[in-house]
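Structure record follows, encoded as structure tokens.
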Amino acid sequence: MTTIWSNFSCRHFIKFSAALLYVFFAFVPEVSADSWVLSAQEFVFEQPDSHSASDMKAAGVIPQLILEQIAQDRTRNVHKDEKLDRALDSLQTERLSLFLQLSKEYKTRDALVLSKKTAREFEKAVREENEKIAEIEEKIDANLREADRKTAEIYASADNDSGETVVIYKNDVTALFKPSKDAVFDGIKSWTYSREIASAKINGLITGKIVSYGEYASVTAELFVFPGARSSGAVTEIGLLSDSLSIARRLVRGLSPKIANSLPVKLMFDIGPGAARDNCRVNIDGVVYTNLSESVVLDAGIHTLTVESPGYDDAIVTYDFSGTDRYVITTDLRPSVKGSVNLRLKKLSSGVFYARALEQSSVDENNPEAVLTINGKSVLGIWSKLPPKEDAIEGNELNAFFYIPSDELADGAKLVVNAKPFNRENNIDKRRRGMYTAYTALICSLPFTFYCVGNFTAVNQAYANSDGTTISYDDVKKWQTRSYATLGVTGACGVWLVVELIRYLNAANDVLPATAYSY
């Protein structure tokens, strides 16, 4: 009986587990369904000469650095041709499998002559094989019709492009794709190579060739898109093999628009104010443009722009220019402010003002004002009441942050700051405990208040409805006094809670730096 029950339980447990797994995989989406996987393989030297160990190492390091420099989670535009290649590649794989099955069935039918002894057995076996062959041929015909339908459907679709997130192969920049010897011998456009790429689930592969003379080398990186092994273009850079990082960075600039698969973008500039625009220049990835009345055409991708004008602060932005064909760069440059400000405490005390981690200025009774240099940017610093060594020993209880806003920055400005050095963390904990204590007292007083007020209401109502024989006037007066007393205590606790809450909020607000202002 135990054995029968065990077998029954096992069978049902297996069925339940299988059903649970089916539901899980049916409703959990595929994580990489909308991902475009990018990889690279080790670069090769075109010259047959022997190379040093460092040069050979650079052939593997450069593609790794390229993958490292390429921003993760960027978007690639997938055009119709790439979608069609994916659809046709899947159908082609299916056709090859069907053709192998067809070849097997034909060979099986031809071998029936030697395996069957009687004519009746031979005719029956041939008829069965012919049915299998006809079924496979029908599947091949259906596959070909589906290929034609997919081609027409994709080219006729209104949605031209779709976006996919670029991810690195195995999420590891050091994991380069290593084809087999047969794939390398057949070439990157061969069927063997494409099958290995498909097995690795790679959509884009960066290959490279190196030509070196002395310490300098010409490195050419080329992007291939699979399936189809279509070349999206090549980029060539020249530099020192010992400085592989610089070579990789320049190659990435050229490969970025090919990876994004976007059309070139046009940048137009709206720089203000007018005085700044007259002598303005824009530095884009190291290339300087001075005529801003004309638009600048760049490859889509990540670019760093620096807007410069004499007498004004630089404006710097790094942005992924892709997704549209036109951008307007609008910025108002701020006049450069250089010089120094005089800063003093609202309540004089000896100590040191620290700013920008390096600059410091002491104040005391003989020298009440600190002098801090400015460069047009707001200042966030620390006021310390103790010398640096003692401050490091004691902690932060005698420190206070201060802030000089940009609108107060002017050469020679005289500013005052109400910096209060104390331990803000301990102060917040103290005020929080006081607020919790007041809240606890308020909650604890409520039951007594409800009890006394309720009894007073009941006694007062009973006294009003009676002739005074059952409930006396003294009983009513007693409960009235108790109700007033408990209401007073509850009200006092409520006021206490409001006071402690305000003190707690003020303590929390003290964490913000004290703002300097003119005097």
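In this chain, residues are counted from 1 in sequence order.
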Is any side-chain heavy atom of Val352 closer than 4.5 Å to one of Ser361? no
Heavy-atom side-chain contact between Tyr312 and Pro273 under 4.5 Å: yes
If you take all heavy atoms of [X] and [Y], which pair is closest and at what distance?
X      : Y      : value
Gly239 : Arg250 : CA-NH2, 4.0 Å
Ile284 : Val282 : CG1-CG1, 3.7 Å
Ser190 : Ala183 : OG-O, 4.2 Å
Ala276 : Leu333 : CB-CD1, 4.0 Å
Lys170 : Ala175 : CD-CB, 4.0 Å
Ile382 : Phe401 : CG1-CE2, 3.5 Å

Quick check for you: to the nearest 0.5 Å, what is the distance between [X] atom [atom1] and [Y] atom [atom2]?
X      : Y      : atom1 : atom2 : answer
Ile62  : Leu245 : CD1   : CG    : 10.5 Å
Ser295 : Met268 : OG    : CE    : 7.0 Å
Ile206 : Leu67  : CD1   : CG    : 5.5 Å
Ile202 : Gln41  : CD1   : CD    : 9.0 Å

Listed by chain and number, what are the salt bridge (Lys or Arg N to Asp or Glu O under 4.0 Å) partners of [X], not counting sequence neighbours?
X      : value
Arg149 : Glu146, Glu153
Arg277 : none
Glu196 : none

Do the ring centers of Tyr289 and Phe269 come within less than 6.0 Å of each other? no
Please check if the distance between the ring centroids of Trp383 and Phe353 is under 6.0 Å. yes
Do other residues, nucleotides or ligands put more than 12 heavy atoms under 6.0 Å from [X] [atom1]?
X      : atom1 : result
Glu138 : CD    : yes
Tyr319 : OH    : no
Phe45  : CZ    : yes

Sequence neighbours left out, cut at 3.5 Å: what donor-acceptor pairs do the side chains of residues 103-111 make with other protein atoms?
residue	atom	partner	partner atom	Å
Tyr106	OH	Glu137	OE2	3.3
Thr108	OG1	Lys104	O	2.8
Arg109	NH1	Asn130	OD1	2.7

Strictly distance-based, threshold 3.5 Å: is any side-chain N or O of [X] a donor or acceptor partner for the main-chain N or O of [Y]?
X      : Y      : result
Thr220 : Val235 : no
Gln47  : Val211 : no
Arg344 : Asn342 : no
Asn203 : Trp36  : no
Ser244 : Leu241 : yes
Lys189 : Ala229 : yes
Arg424 : Asn399 : yes

Could you tell me how the ring of Phe224 sits relative to the ring of Phe226: parallel (under 30°), tilted (30 to 60°) or perpendicular (over 60°)? tilted
[X] and [Y]: side chain donor to acceptor below 3.5 Å:
X      : Y      : value
Thr93  : Arg195 : yes
Ser340 : Thr373 : no
Thr174 : Asp172 : yes
Ser406 : Ser378 : no
Asn279 : Ser309 : no

Test side-chain hydrogen bond (donor to acceptor under 3.5 Å, both in side chains) on Ser35 and Thr165; report intermediate values, then the result. CA-CA 5 Å; Ser35 298; Thr165 303; 5.7 Å; no
For Thr192, all residues meeting side chain to side chain donor-acceptor pair (under 3.5 Å), sequence neighbours excluded: Asp186
Does Phe99 have Arg95 sitting over its ring (NZ/CZ under 6.0 Å from centre, angle to axis within 45°)? no
So Thr306 and Asp314, side-chain hydrogen bond (donor to acceptor under 3.5 Å, both in side chains) or not? Walk me through it. CA-CA 7 Å; Thr306 303; Asp314 296 345; over 6 Å; no
Which salt bridge (charged side-chain N to carboxylate O under 4.0 Å, His left out) pairs, counting each pair once, include a residue from residues 209-220, with sequence neighbours left out? Glu46-Lys209
